[in-house]
Protein chains: 2
Amino acid sequence: MRIGQLSQATGIGIETIRYYEKVGLLPDPARLPNGYRDYGPGHLDRLAFIRQCRSLDISIADIARLLDFRHGSPTDCNAINQLVDEHLAQIRTQIVSMRALESQLIELRKRCSKGKRTPDCGILNELTTSARGKMAIKRFPSH
Amino acid sequence: MRIGQLSQATGIGIETIRYYEKVGLLPDPARLPNGYRDYGPGHLDRLAFIRQCRSLDISIADIARLLDFRHGSPTDCNAINQLVDEHLAQIRTQIVSMRALESQLIELRKRCSKGKRTPDCGILNELTTSARGKMAIKRFPSH
DNA sequence: TTAAAACCCTGTAGCTACTCCAGGGTCAAT
DNA sequence: ATTGACCCTGGAGTAGCTACAGGGTTTTAA
Ligand SMILES: [Zn+2]
Ligand SMILES: [Zn+2]
Ligand SMILES: [Zn+2]
Ligand SMILES: [Zn+2]
């Protein structure tokens, strides 16, 4: 199977497949006499696994760890459970901070209505004044 | 005011301040005879505004636009309202997809309990089978 | 037969918003 | 005279791709 076919089969772009090879996620494939990459079913399987992990936003480094567990000698799988737990915690943290961001932006948006001119824009003014409010207490004399 | 003082006053790192100068967010400051950067109150103000925007996750490019509105000749501010609306929409989209991600990871996590060995790990197996399930229908004969 | 289209190759640069470092120069105090 | 705290420039690194540039190969159609 050539790279274009692998790309079609997995829905992953050709450049991305070559990138996964470069960073060590996908083992180097055999080569045809003309130098083209020649993939087998193992590559297809592995690449599908990678795509599934990426769709869950698992990092390249963590996918490498998962692939090691998958293809290495059997061990205790607690590390896998822990990896998922950590990612879940990370996602939840991000959701919390994005919701905080959302409400801040909602408040900001309320400051302005239609048809104002920039010097009277409530949004600009709010950004300016809250920026000033957050500045360090310390003052710097000019001498 | 030298760069270290500006850094202290705004809470922005020195390297970051130089970066903002390089990308055009902060105007080039005057220089002291020894070549050190010499900032005025205008820079402090502008930098505080920038930090405020960044804390709302507004991109460098959009901050540049906001600064243009802030320091340019007065115009209609609808573009500003729209900018905030777009960011709000973006944030909300991201929250939605992160929640979807969260529930997927929760489901995945349920697949495995303590003390299993990697070949029996429900998480690994789930990742593998759902990866296979999502593969393109098209098959590639080996001939 | 030949020319275009479609495929493949390597290597490099670009994206975001910083952050860090190497290898210097400058200035105050000891 | 030397230490330490500053400051400078320029370049590399981060994550995960994506998009070339500048070539070679294979298939298909005129
Ligand atoms: Zn992780
Ligand atoms: Zn407005
Ligand atoms: Zn925007
Ligand atoms: Zn498990």
Rounding to a whole Å, what distance do you find between B:Ile14:CD1 and D:dG10:C1'? 17 Å
If the threshold is 4.0 Å, N to carboxylate O, is there a salt bridge linking A:Asp68 and A:Arg65? no
Any Lys/Arg nitrogen of B:Arg99 or B:Glu102 sitting under 4.0 Å from an Asp/Glu carboxylate oxygen of the other? no
To the side chain of B:Ser59, which of C:dA17, C:dG25, D:dT26 is closest? C:dA17
Phosphate OP1/OP2 of C:dT19: any B:Thr16 side-chain N/O under 4.0 Å: yes
Can you check whether A:Arg37 has a side-chain N or O nearer than 4.0 Å to OP1 or OP2 of C:dT10? yes
Taking only the side-chain heavy atoms of A:Ile60 (C-beta and beyond), determine which of D:dC7, C:dC8, D:dC17 contains the nearest atom. D:dC17
Starting at atom CD1 of A:Ile17, determine the distance to atom P of D:dT18, rounded to an integer number of angstrom. 12 Å
Rounded to the Å, how far apart are A:Tyr39 OH and C:dC7 C1'? 14 Å
Quick one: on DNA chain C, does A:Tyr36 or B:Arg2 contact a more 5' nucleotide (nearest heavy atom)? A:Tyr36
Given D:dT26, is OP1 or OP2 found less than 4.0 Å from the side-chain N or O atoms of A:Asn34? yes
Rounded to the Å, how far apart are A:Arg51 CZ and D:dG16 P? 18 Å
Find out if a path of hydrophobic residues (ILVMFWY) with successive side-chain heavy-atom gaps under 4.5 Å connects A:Leu26 to A:Tyr36. no
Find the distance A:Ile50:CD1 to D:dC17:P and express it as a whole number of Å. 10 Å
Looking at B:Glu15 and C:dC18, is any side-chain donor or acceptor paired with a base atom of the opposite kind under 3.5 Å? no
How many Å lie between CE on B:Met1 and P on D:dC6, as a whole number? 15 Å
Taking for A:Lys22 and for A:Pro33 the nucleotide of DNA chain D with the nearest heavy atom, the one nearer the 5' end belongs to A:Lys22
Please report, rounded to the nearest Å, how far the P atom of D:dC6 is from the CD1 atom of B:Ile3. 13 Å
Rounded to whole Å, OH of A:Tyr19 lies from C1' of D:dC20 at a distance of 18 Å
For the backbone of A:Leu6 and the side chain of A:Arg2, can you confirm whether one donor and one acceptor N or O come within less than 3.5 Å of each other? no
Donor-acceptor side-chain pairing of B:Glu86 and B:Gln90 below 3.5 angstrom: no
Out of D:dC7, D:dC17, C:dC9, which nucleotide sits closest to the side chain of A:Arg31? C:dC9
Nearest to the side chain of B:Arg18 - D:dC8, C:dC7, C:dA17? D:dC8
